[in-house]
Amino acid sequence: MAATLNEATDPYCLQAEESGTLLRGHPWRRFAVLGDSVAEGLCEPVDGYPDVQLADRIAAELRATAPDLAYLNLGLRGLRAHQVRASQLGPALEFGPDLALVVCGGNDAFRPGYDAEAVDAEITAMVQALQNAGATVITVGMFDVSYSPAVPEPHRAGLGVRMRRLAEHTRAVAHRLGTVHVHLTDHPLTADPSIYSGDGRHGSARSDAIAAAETLRRLAHHLGPVDTDRAEGR
């Protein structure tokens, strides 16, 4: 990453002209987030990038055109997919979201015994329950953290296989259930060390800025072109 690069000049981040138009007139007023440390927000600070995590960034952009947006982040580090469903789905449904972000499975994929089908079942159960309650659901295939310089070389290849399997399975679930899916695993920067933290498990502030931009673009695509009625909130 060039020394002078920052969020304002980063071509992969949200551009100034996008911020006010992407979600203009969006319909969402209750945003819930379920997941692990990616949802909670453990990004490592990077000079030139505000220390604001993924879900908070999305909520801020939603609030830019809907100041009354209610936001609940249930994300908690260290949880596996079945723990996310067991502890967070109930409170999320009680909150009554019309938009929900579900991001989990990474802690499962970090284990050599990762069971892709079991994680699929947990994600499916959460997505379907949220959709049945009337929410638009966002799912994510995260950056391939096996490229992080902090991952020990002996573990890199196996972790990469599992992370990519998680991403492909999540994408298949998303396609089947019709979520707004953000696939970051094959992003041009997935092998760039600047998007990873020093712990070998999480991203940097730059990765969260990029992930937020991609998520907002996918949400805008889901809504379709901005027309007069949507721009005016009708």
Side-chain angles (χ1 to χ4, degrees), residues 1-24 26 28 31 33 35-67 69 71 73 75-78 99 101 103-104 106-107 110 138-153 156 159-160 163-164 167 180-221 226:
M1 182 172 59
T4 57
L5 193 64
N6 57 47
E7 187 165 349
T9 60
D10 192 326
Y12 295 104
C13 291
L14 196 66
Q15 303 301 298
E17 64 272 17
E18 289 182 274
S19 184
T21 60
L22 273 178
L23 298 179
R24 184 178 298 161
H26 72 78
W28 300 299
F31 176 42
V33 178
D36 51 27
S37 56
V38 177
E40 180 184 355
L42 294 183
C43 61
E44 187 170 271
V46 174
D47 288 344
Y49 293 79
D51 191 15
V52 183
Q53 60 97 354
L54 172 63
D56 286 354
R57 285 175 174 273
I58 297 169
E61 292 297 330
L62 291 166
R63 278 182 173 149
T65 56
L69 179 88
Y71 168 42
N73 191 338
L76 184 64
R77 70 196 71 183
L99 179 67
L101 169 66
V103 53
C104 63
N107 290 314
F110 261 91
I138 308 164
T139 51
V140 183
M142 289 303 298
F143 295 106
D144 181 356
V145 76
S146 70
Y147 284 106
S148 169
V151 173
E153 186 62 37
R156 194 179 302 278
L159 177 60
M163 292 302 294
R164 288 180 175 277
V180 177
H181 187 63
V182 185
H183 184 73
L184 297 167
T185 315
D186 295 317
H187 189 277
L189 293 184
T190 200
D192 190 314
S194 72
I195 67 169
Y196 298 108
S197 71
D199 66 4
R201 296 183 70 92
H202 301 103
S204 68
R206 188 186 188 201
S207 76
D208 273 25
I210 294 167
E214 292 299 323
T215 301
L216 293 164
R217 289 166 185 154
R218 289 300 303 158
L219 283 172
H221 182 266
V226 177

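Remember, predicted model here, so these are calculated numbers, not experimental data.
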Practice problem: For P152, enumerate each residue passing the side-chain contact (heavy atoms from CB on, under 4.5 Å) test, keeping only those at least two apart in sequence or located in another chain. | Solution: P154, H155
Exercise. Please answer whether the main-chain N or O of L54 pairs with a side-chain N or O of D208 as donor and acceptor at a distance below 3.5 Å.
Key: yes
Practice problem: Go through the structure and list residues passing salt bridge (charged side-chain N to carboxylate O under 4.0 Å, His left out) with R164, not counting sequence neighbours. | Solution: D144, D186
Quiz item: Is any NZ, NE, NH1 or NH2 atom of the basic residue among E44 and R206 found under 4.0 Å from an Asp or Glu carboxylate oxygen of the other?
Solution: no
Quiz item: Looking only at atom types and distance, does a side-chain atom of R63 sit under 3.5 Å from a main-chain N or O of L69, one as donor and one as acceptor?
Solution: yes
Quiz item: Between S197 and G203, what is the shortest heavy-atom contact and its length?
Solution: CB-O, 3.5 Å
Quiz item: Is the shortest side-chain N to carboxylate O distance from R217 to E18 below 4.0 Å?
Solution: yes
Quiz item: What heavy-atom pair brings G35 and C104 nearest, and what distance separates the two atoms?
Solution: CA-CB, 4.4 Å
Quiz item: Between Y196 and H202, does the ring centroid distance fall short of 6.0 Å?
Solution: no
Practice problem: Indicate whether any N or O donor in one side chain lies under 3.5 Å from an N or O acceptor in the other, for Y49 and D10. | Solution: yes
Quiz item: Hey, what's the ring geometry for F31 with Y71, parallel, tilted or perpendicular (30° and 60° as the breaks)?
Solution: parallel
Quiz item: Which pair of heavy atoms, one from N6 and one from G48, lies closest together, and at what distance?
Solution: CB-O, 3.4 Å
Self-check item: Within-4.5 Å side-chain heavy-atom neighbours: I138 and T215
Solution: yes
Exercise. For L23 and A220, work out which heavy atoms get closest and say how close.
Key: CD2-N, 3.9 Å
Exercise. Compare all side-chain heavy atoms of M142 with those of T185 and state whether any distance is below 4.5 angstrom.
Key: no
Quiz item: Heavy atoms, side chains only, cut-off 4.5 Å: are I210 and L14 in contact?
Solution: no
Quiz item: V145 versus M163: any side-chain heavy-atom pair under 4.5 Å?
Solution: yes
Quiz prompt | Any donor-acceptor N/O pair, R156 side chain to S148 backbone, under 3.5 Å | solution = yes
Self-check item: Atom of G160, atom of S146 and distance for their closest heavy-atom approach
Solution: CA-OG, 3.3 Å
Quiz item: Between CG of L159 and OH of Y147, what distance do you get to the nearest 0.5 Å?
Solution: 11.0 Å
Quiz item: Do E214 and H183 touch side chain to side chain, with heavy atoms closer than 4.5 Å?
Solution: no
Quiz item: Does the side chain of R24 pick up a donor-acceptor pair with the side chain of T65 at under 3.5 Å?
Solution: no
Exercise. Could you tell me which residues satisfy side chain to side chain donor-acceptor pair (under 3.5 Å) with T139, sequence neighbours excluded, listed by chain and number?
Key: T179, H181
Quiz item: side-chain contact (heavy atoms from CB on, under 4.5 Å) between L99 and L62: does it pass, once the steps are laid out?
Solution: CA-CA 10 Å; L99 179 67; L62 291 166; 3.7 Å; yes
Quiz prompt | S207 side chain to S204 backbone, donor-acceptor under 3.5 Å | solution = yes
Practice problem: Taking all non-hydrogen atoms of both residues into account, name the closest pair between C13 and A209 and its distance. | Solution: SG-CB, 3.8 Å
Practice problem: Compare all side-chain heavy atoms of Q53 with those of N73 and state whether any distance is below 4.5 angstrom. | Solution: yes
